[in-house]
Amino acid sequence: MTLPMKPRRSVLYVPGDKEHALEKAKTLPTDSIIIDLEDSVAPANKELARKQAAAIVREGGFGTREVVIRVNPLETPWGMVDLHAAIAVAPDAILIPKVSQPGDILGTAKVVKAADGNPRTRLWAMIETPMGIINAREIAACAPDQDNRLACFVLGTNDLLKESRARSSNRRFAVVPWLAMTLVAARAYGLDVIDGVYNDFRDDSGFRAECEHGRTLGMDGKTLIHPSQVIPCNEVFSPTDEEIDWAKKIIRAFEEPENARKGVITVEGRMVERLHLVMAKRVAAIADSIAARSRVEEPWF
Ligand code: COA
Ligand code: MG
């Protein structure tokens with residue numbers, strides 16, 4: 001038996017004030033959409049973006065795509081209004097920017113509870129400040145308590161570069177330790193982690209290389225800024241045919257009656273332990289849910 005999995009390979013930001021882009025997102029083969037009210041929306045458009053985001057989420061039509069609203073930080077003049085508007089339309093998740101300590105999650109979860117938020121709405125946390133990296137473990141530790149609704153970390157690499165004064169050159173050499181720290185903190189508490197964006201959206205080979213890099217680090221997917229990034233990202237973060245075949249072989253081998261009580265077996269000359277069975281079941285579950293999705297083709301891709 002495999003568990004149903006939610007692939008989060010491609011997670012596309014769409015500025016909340018761009019109505020056309022919001023409509024277009026409904027036709028793109030992206031796993032998740034983040035409707036942004038924060039960094040990509042100028043102060044003059046904050047109200048418009050909030051209204052449009054609420055209207056489009058209420059209206060629906062996103063199919064299997066997960067819909068997330070990124071609010072402004074609660075200490076800004078827009079944050080609390082954004083949060084209440086988001087809670088009212090019950091998206092799959094609300095993404096909280098610049099999470100630096102567990103209190104940022106606990107406080108938001110309390111507001112969601114007090115506003116009688118739909119139980120389906122989860123909280124996602126942007127990890128994008130030096131303090132957020134230092135406290136990643138304590139923040140992730142909020143996850144096991146279901147009342148806190150915490151489901152996913154999203155790396156904000158542009159903010160991290162700004163705050164740290166590091167450079168992104170050399171295969172992100174400077175930020176890799178922070179990405180890896182965040183990843184293990186998240187995994188210790190069962191959270192998904194989505195990599196940061198690749199700004200140069202016309203550079204296909206650079207983008208693909210950074211997707212591979214993120215996948216090697218263990219990321220579940222990547223945040224995206226442009227429709228042209230969706231398909232290559234899905235390709236890199238999907239299990240390959242070889243990985244799926246190998247996973248199925250491991251599952252079948254452990255199902256053999258003679259292996260039912262064994263901890264370690266040999267499959268095609270390679271040692272396979274029960275921990276590989278757990279990994280194989282995850283690969284098979286992700287592959288199943290990807291296969292179950294109807295693929296939306298866009299002629300301009
Ligand atoms: N989501 C959905 N559709 C998008 C999109 C997005 N993020 N970015 C662009 N599109 C659409 C455009 O509306 C356009 O649609 P059309 O061909 O039907 O008219 C098409 O994709 C091609 O867009 P293009 O002209 O190549 O890009 P642009 O110059 O309009 O915009 C950006 C470039 C970077 C400004 C834009 O992609 C964007 O706003 N990205 C998101 C930025 C963001 O949210 N940042 C915050 C997190 S880091
Ligand atoms: Mg940011």
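Tracing side-chain contacts under 4.5 Å through hydrophobic residues (I, L, V, M, F, W, Y), one reaches Ile105 starting from Ile87; they form part of the same cluster. Follow the hydrophobic side-chain contacts under 4.5 Å out from Trp124 and you never reach Met5; the two are in separate clusters. One hydrophobic cluster, built from ILVMFWY side chains closer than 4.5 Å, holds both Phe254 and Val267. A single hydrophobic cluster is seen to contain both Ile133 and Val176, as judged by linkage of ILVMFWY side chains at heavy-atom distances under 4.5 Å, directly or through other members.
Heavy-atom neighbours of Arg167 CZ from other residues, nucleotides or ligands within 6.0 Å: at or below the threshold of 12. Atom CD of Glu19 is surrounded by 12 or fewer heavy atoms from other residues, nucleotides or ligands within 6.0 Å.
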* Run the numbers on Arg171 and His213 for side-chain hydrogen bond (donor to acceptor under 3.5 Å, both in side chains), then give the verdict. => CA-CA 8 Å; Arg171 288 175 66 76; His213 187 236; 4.6 Å; no
* To do: Might you work through the side-chain hydrogen bond (donor to acceptor under 3.5 Å, both in side chains) test for Ser40 and Asp36, ending with a clear yes or no?
  => CA-CA 7 Å; Ser40 68; Asp36 188 27; 2.7 Å; yes
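Of all heavy-atom pairs between Glu163 and Pro130, the closest is CB-CD, 3.5 Å. Residues Ala166 and Ala174 come closest through the heavy atom pair CB-CB, 3.8 Å.
Arg149 places no side-chain N or O within 3.5 Å of a backbone atom of Val112 that could act as its donor or acceptor partner. Judged by distance alone, with hydrogens and angles left aside, the side-chain atoms of Asp82 form a donor-acceptor pair with the main-chain N or O of Asn72 at under 3.5 Å. No donor-acceptor pair under 3.5 Å is formed between the side chain of Glu273 and the backbone N or O of Val264. Under the 3.5 Å distance criterion, the side-chain polar atoms of Asn135 are matched with a main-chain donor or acceptor of Ser100. Distance alone, capped at 3.5 Å, places no donor-acceptor pair between the Ser10 side chain and the Val230 backbone. Side-chain atoms of Arg215 come within 3.5 Å of backbone N or O of Val236 as a donor-acceptor pair. Between the side chain of Arg9 and the backbone N or O of Ile231, no donor-acceptor pair lies under 3.5 Å. Side chain of Gln52 to backbone of Leu22: no donor-acceptor contact under 3.5 angstrom is found. Side-chain N or O atoms of Asp104 include one that pairs as donor or acceptor with a backbone N or O of Gln101 at under 3.5 Å. In this structure a side-chain-to-backbone donor-acceptor pair under 3.5 Å is present from Thr121 to Pro91.
With contacts defined as side-chain heavy-atom distances shorter than 4.5 Å, the pair Phe207/Cys233 qualifies. With a 4.5 Å cut-off on side-chain heavy atoms, Val272 and Leu277 do not count as touching. Annotation: side chain of Val154 is not in contact with side chain of Val11 (no heavy-atom distance under 4.5 Å).
Taking the charged nitrogens against the carboxylate oxygens, Asp31 and Arg8 have no contact shorter than 4.0 Å, which rules out a salt bridge. Residues Lys26 and Glu59 are paired through a salt bridge, judged by an N-O separation under 4.0 Å between the basic side chain and the carboxylate.
Rounded to the nearest 0.5 Å, atoms NZ (Lys248) and CD (Glu255) are 12.0 Å apart.
Partners of Tyr189 under the ring-ring contact (aromatic ring centres under 6.0 Å, His included) rule, at least two apart in sequence or in another chain, do not exist in this structure. Scanning for side-chain hydrogen bond (donor to acceptor under 3.5 Å, both in side chains) contacts around Glu75 gives an empty result, with sequence neighbours left out.
Relative orientation of the His226 and Phe201 rings is parallel, given thresholds of 30° and 60° on the angle between their planes.
When the options Arg120, Arg122, Lys6 are evaluated for a salt bridge (charged side-chain N to carboxylate O under 4.0 Å, His left out) with Asp92, the one that passes is Arg120.
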